[in-house]
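Structure first, commentary second.
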Amino acid sequence: MTWWRGAVGYEVYIRSFADSDGDGVGDLRGLHDRLDHLAWLGVDIVWITPFYPSPMHDHGYDVADYKGVDPVFGAMADLDAVVEKAHGLGLRVVVDLVPNHSSSEHRWFRESRSSRDNPYRDYYLWRDPAPDGGPPNNWVSHFGGLAWTLDETTGQYWCHLFLPEQPDLNWANEAVRAQFDDILRFWLDRGVDGFRIDVAHQLVKHPDLPDNPVADEPDDVEMGTTASIWETLEHRYDSDQPGTVEIYRRWRKVADPYDALLLGEVYLLEAEHFERYVRDDDGLNLAFWFTPLHVGWDVDLLRRALVDGAGFRRGGVAWVSGSHDRPRAVSRFGGGEVGRRRALVLSTLLFGMPGTPFLYQGEELGLPDGVITSEEAQDPIAVRTGELEHSRDVCRTPMPWTPGPGLGFTTAARAWLPFGNRVESDTVAVQRADESSTIHRYRRLVGLRRETADLHTEPVEWLTDEGPLIAYRRGGTIVAANCGAQAVALELPEGTWTIVFDTTAATESADAGRTLELAGHQAVVLRRG
Ligand code: NOJ
């Protein structure tokens, strides 16, 4: 049980990880052939983004069959081979479950929209138009525009918190719940070790679907055109509803006998909302705490995000500093050498926390965002709203494995998304050959996390609460980070402290003395004795 405690996870964005068949799109066989990289890095859990049959309006987060593999990613036998090889290497496999919405091409939705009295009608959220013929309420989509589209044939609107091609399932319907019990069992019987649950905080909606209160309507946000429209409403009725955790309680009854992990994408940035998902022993096992991903390089906000995340009672927090949905940490923190140093400092802080840290592919290389022009855009957010600044393409560019055309990612003349200006020193091969490269720092950090028992068990004691330093102690281990540009000093507690990890590598193995000196943007891990 709880094999994820003390483990390190790694997110594979399957389209961009490794392409085995030369069509320019990453696939399961490509992942299979590159699993050795993950074993070398030392991670324990591989989370694979959706590989199910899909029309790909949202690159797989629009699932047309929850029990299949899309031919672009391979066949079921390839998934089985990934699971078998991963297990042989000591890696656990977590697959992505997308229960908030299906694809509009899923058989359930095709049935559902065919007539008002179809047995599948109630699988989705259908409502009559408002008296003026407009949408039933004021809800908006995460991807810009309204959350309702009118079906001309049956005269009702369907609800979609994402694209119209991603209709929201009706979780008040017991038949939907039963379907997902069955889907969980299907994958668990194939040997997967758990699920990352997409949009885990939004499955349940208020039964009356009332208007959301208007939060703030900045003048420059025009209805219907921009992704920022999401921020104009307070999400009182379409998010974080009572009854959501009950779904995970039900799933735990399915998953626990398999000793499987339920890891939620709980996109709630305030501690008091997030906490209920990881509070009880029978809800989610882990949930991603995204607040560190949403603050810039601001030491007070970072400290707050860490203190909150460390305080959740059961410690069921999955820590991330990057994902396929957000700009990469190196770029968020200013880019270049400074951005790279800051990203490693943040990773060091996260890897010392209670819970389970995850890396996003390419983070171990210190990659900045890829450069993608508006003509090259693929992300539905960018395509739908025309706003490149919200595009997620920049963090989804293909993984650079080796120098040369195709970067070892593909043999195709073009990948599905351009490489985004990678250079030779960004590649896995070049970095692995250079002991001073970023990948070797991450490998050391992963190893340290695994081998340091204090980091799995001891409570967090904060050593600083202001200034550029963030430092905490867990038993005989201290993690200290200088988030500022100037050198600073930290008085160490009684005892002899040895530097066992240094983001700059310069001081590793040294005795820290009574006063630890840290250069600008440097973090270390110390061990007593
Ligand atoms: C969260 C996923 O991470 C994102 O990529 C996707 O677009 C939305 N959920 C909708 O499924």
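Start at 1 and go down the list; that is how both ligands and their atoms are numbered.
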Practice task
Say whether R196 and ligand 1 are in contact under the criterion: heavy-atom distance to a ligand atom below 4.0 Å.
Solution key: yes
Completion exercise
Numbered in order shown, the ligand 1 atoms found under 4.0 Å of a heavy atom of R392 are 4 (C), 5 (O), 6 (C), 7 (O)
Problem - Any donor-acceptor pair under 3.5 Å from E387 side chain to T385 backbone - result: no
Fill in the blank from the handout: Within the 4.0 Å heavy-atom cut-off, what E11 brings close to ligand 1 is neither
Completion exercise
re atom 11 (O) of ligand 1, the protein heavy-atom contact at minimum distance is D198 OD2, 2.7 Å
Fill in the blank from the handout: heavy-atom search around atom 8 (C) of ligand 1 in the protein gives F162 CE2, 3.8 Å
Completion exercise
Looking only at heavy atoms, the pair that brings S16 and T397 closest together is CB-O, 3.9 Å
Exercise for the section: Report yes or no: is the cationic atom of R34 (NZ for Lys, CZ for Arg) under 6.0 Å from the centre of the six-membered ring of W401, at an angle within 45° of the ring normal? Expected result: yes
Problem - Which of the ligand 1 atoms, numbered from 1, are nearer than 4.0 Å to a heavy atom of H101 - result: 10 (C), 11 (O)
Completion exercise
So the atoms of ligand 1 within less than 4.0 Å of a heavy atom of F143 turn out to be 7 (O)
Handout entry: Exam field: side chain W158 to backbone P164, donor-acceptor pair closer than 3.5 Å
Key = yes
Handout entry: Nearest-contact summary for atom 7 (O) of ligand 1 - protein heavy atom, Å
Key = D58 OD2, 2.5 Å
Problem - Y13, portion touching ligand 1 at heavy-atom distance under 4.0 Å - result: neither
Handout entry: W171 vs P99 side-chain heavy atoms within contact, under 4.5 Å
Key = yes
Problem - Proximity to ligand 1 by part of H142, non-hydrogen separation under 4.0 Å - result: neither
Problem - Salt bridge D21-R29, side-chain N to carboxylate O under 4.0 Å - result: no
Handout entry: Ion pair R196/D198, N-O distance below 4.0 Å
Key = yes
Handout entry: Note, Y442 side chain near S347 side chain (heavy atom, < 4.5 Å)
Key = yes
Exercise for the section: Run the numbers for me: atoms of ligand 1, each under 4.0 Å from some heavy atom of R396, listed by number. Expected result: 5 (O)
Exercise for the section: Output the list of atoms in ligand 1 that are nearer than 4.0 Å to some heavy atom of E265, sorted by atom number. Expected result: 1 (C), 3 (O)
Practice task
For atom 3 (O) of ligand 1, find the nearest protein heavy atom and state the residue, atom name and distance (0.1 Å precision).
Solution key: D325 OD2, 2.5 Å
Exercise for the section: Check ligand 1 against V199 and write out every atom of the ligand that is under 4.0 Å from a heavy-atom position of the residue. Expected result: 9 (N)
Handout entry: Mutual orientation of the aromatic rings belonging to F409 and F419 [parallel < 30°, tilted 30-60°, perpendicular > 60°]
Key = perpendicular
